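Whatever order the structure lists ligands and atoms in, that order sets their numbers, starting from 1. Computed from a predicted structure; not experimentally measured.
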Amino acid sequence: MDLERLIRDRIRDVADYPKPGVVFKDITPLLADHTAFAGVIDSIVDHHGRGAIDKIVGIEARGFIIAAPVAYHFGAGFVPVRKKGKLPSRTHEETYDLEYGTETIEMHVDAFAPGDRVLIVDDVLATGGTAAAAAELVRRAGGEVAGLSVLIELSFLDGRSKLGNLDVHSLVSV
Ligand code: AMP
């Protein structure tokens with residue numbers, strides 16, 4: 001089976017989770033399959049090229065699982081973006097709209113050296129609000145956003161339109 005088919009096969013759609021009308025993309029079967037998980041990590045690293053990136057930003061929580069091995073293979077550092085109130089030191093924060101209500105995410109103010117080239121990694125790009133807020137946090141902390149890599153892009157929600165001319169790389173688009 002080629003990698004894209006394997007990845008699609010290992011993503012489980014869960015209807016009406018966490019609320020009615022949402023089809024949740026459950027990546028736990030993919031994470032449990034070494035060939036699929038390793039293929040995802042290698043594809044992200046190959047897309048950007050080793051040496052091109054200084055820091056990998058992972059978005060809480062499933063983004064961490066993908067971002068950490070990507071950072072290891074790039075020879076780059078890992079920086080977490082977390083929900084408000086979870087990071088212990090001084091932070092920048094960004095608030096963005098969800099379908100109902102708002103969400104606030106944070107990053108440590110000293111996460112980067114000036115001019116660090118930063119790749120943002122998450123599991124799913126949906127409306128793009130989370131990724132746009134993470135990109136803004138990177139810029140405010142002095143990093144240069146080199147791109148966004150996601151495992152799954154929900155193209156019908158057009159998250160890319162919130163991300164300007166950012167290099168958006170998705171392994172599967174639905
Ligand atoms: P958004 O800000 O709308 O692009 O949503 C992206 C964030 O919400 C990511 O961190 C995802 O983990 C999560 N997310 C949004 N929609 C889904 C979905 N259908 N299945 C799984 N995770 C999702």
Engineer: Tell me: protein heavy atom nearest atom 22 (N) of ligand 1, and distance?
Structural biologist: Arg62 NH2, 3.2 Å

Engineer: Return the closest protein heavy atom for atom 20 (N) of ligand 1 as residue, atom name and distance.
Structural biologist: Lys25 N, 2.9 Å

Engineer: Under 4.0 angstrom from atom 3 (O) of ligand 1, is there any protein heavy atom?
Structural biologist: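 When distances to the protein are checked, atom 3 (O) of ligand 1 has a heavy atom within 4.0 Å.
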
Engineer: If you round to the nearest 0.5 Å, how far is NE2 of His169 from OG of Ser43?
Structural biologist: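 Reported to 0.5 Å precision, the distance equals 6.5 Å.
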
Engineer: Does any N/O atom on Glu60 come nearer than 3.5 Å to any N/O atom on ligand 1?
Structural biologist: no

Engineer: Would you compute the distance between atom CD of Glu144 and atom CZ of Arg139 and round it to the nearest 0.5 angstrom?
Structural biologist: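 Those atoms lie 10.5 Å apart.
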
Engineer: How far is atom 9 (C) of ligand 1 from its nearest protein heavy atom, and which residue and atom is that?
Structural biologist: Asp122 OD2, 3.2 Å

Engineer: Could you walk me through whether Leu30 and Val40 pass the side chain to side chain contact (heavy atoms under 4.5 Å, CB included) check?
Structural biologist: CA-CA 9 Å; Leu30 184 151; Val40 164; 4.1 Å; yes

Engineer: Got an N/O contact under 3.5 Å between Ala126 and ligand 1?
Structural biologist: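 In this structure, Ala126 places an N or O atom under 3.5 Å from an N or O of ligand 1.
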
Engineer: Find all atoms of ligand 1 within a distance of less than 4.0 Å from any non-hydrogen atom belonging to Thr127, and give their numbers and elements.
Structural biologist: 1 (P), 2 (O), 3 (O), 4 (O)

Engineer: Heavy atoms only: which of Val23, Ile105, Leu157 is nearest to atom 19 (N) of ligand 1?
Structural biologist: Val23

Engineer: Report yes if some N/O of Val124 lies less than 3.5 Å from some N/O of ligand 1; otherwise report no.
Structural biologist: no

Engineer: Sorted by first residue and then second, give each salt bridge (Lys or Arg N to Asp or Glu O under 4.0 Å) pair with at least one member in residues 107-125; sequence neighbours left out.
Structural biologist: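 Non-adjacent pairs meeting salt bridge (Lys or Arg N to Asp or Glu O under 4.0 Å): Asp54-Arg117, Lys55-Asp116, Arg62-Asp123.
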
Engineer: Ignoring hydrogens and geometry beyond distance, is a side-chain donor-acceptor pair present between Thr102 and Tyr96 at under 3.5 Å?
Structural biologist: no

Engineer: Which part of Leu154 is near ligand 1, with near meaning a heavy atom under 4.0 Å away: side chain, backbone, both or neither?
Structural biologist: side chain

Engineer: Would Arg8 and Glu4 count as a salt bridge (Lys or Arg N to Asp or Glu O under 4.0 Å) if you check the C-alpha gap in whole Å, the side-chain angles of each, and the deciding distance to 0.1 Å?
Structural biologist: CA-CA 6 Å; Arg8 287 181 187 276; Glu4 186 179 340; 2.8 Å; yes

Engineer: Taking only heavy atoms of Thr130 into account, list the atoms of ligand 1 that are under 4.0 Å away from them.
Structural biologist: 1 (P), 2 (O), 5 (O), 6 (C), 7 (C)

Engineer: Would you say the side chains of Ser149 and His47 form a donor-acceptor pair under 3.5 Å?
Structural biologist: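 Short answer, no.
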
Engineer: As an exercise, identify every atom of ligand 1 less than 4.0 angstrom from a heavy atom of Gly129.
Structural biologist: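 With Gly129 as reference, the close atoms of ligand 1 come out as 2 (O), 4 (O).
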
Engineer: Got a list of side-chain donor-acceptor pairs under 3.5 Å for residues 68-88, not counting sequence neighbours?
Structural biologist:
{"unit_1": "Arg82", "atom_1": "NE", "unit_2": "Glu60", "atom_2": "OE1", "d": "3.2"}
{"unit_1": "Arg82", "atom_1": "NH2", "unit_2": "Glu60", "atom_2": "OE2", "d": "3.2"}
{"unit_1": "Lys84", "atom_1": "NZ", "unit_2": "Glu93", "atom_2": "OE1", "d": "2.7"}

Engineer: Assess Gly159 for proximity to ligand 1: is some non-hydrogen atom of it under 4.0 Å away?
Structural biologist: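 Gly159 does not count as a contact of ligand 1 under the 4.0 Å cut-off.
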
Engineer: Looking only at distances, can you tell me whether any N or O atom of Tyr96, backbone or side chain, sits closer than 3.5 Å to an N or O atom of ligand 1?
Structural biologist: no

Engineer: How long is the span from the CG atom in Asp33 to the CD1 atom in Ile27, to the nearest 0.5 Å?
Structural biologist: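 If we round to the nearest 0.5 Å, Asp33:CG and Ile27:CD1 are 12.5 Å apart.
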
Engineer: Does any N or O of ligand 1 fall below 3.5 Å from an N or O anywhere on Ala131, backbone included?
Structural biologist: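 It does not: no N or O of Ala131 is found under 3.5 Å from an N or O of ligand 1.
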
Engineer: Starting from atom 12 (O) of ligand 1, which protein heavy atom do you reach first, and at what distance in Å?
Structural biologist: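 So the nearest neighbour among protein heavy atoms is Asp123 OD1, 2.7 Å.
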
Engineer: Test Thr127 against Lys162 for side chain to side chain contact (heavy atoms under 4.5 Å, CB included), laying out the working first.
Structural biologist: CA-CA 8 Å; Thr127 66; Lys162 285 208 181 73; 3.9 Å; yes

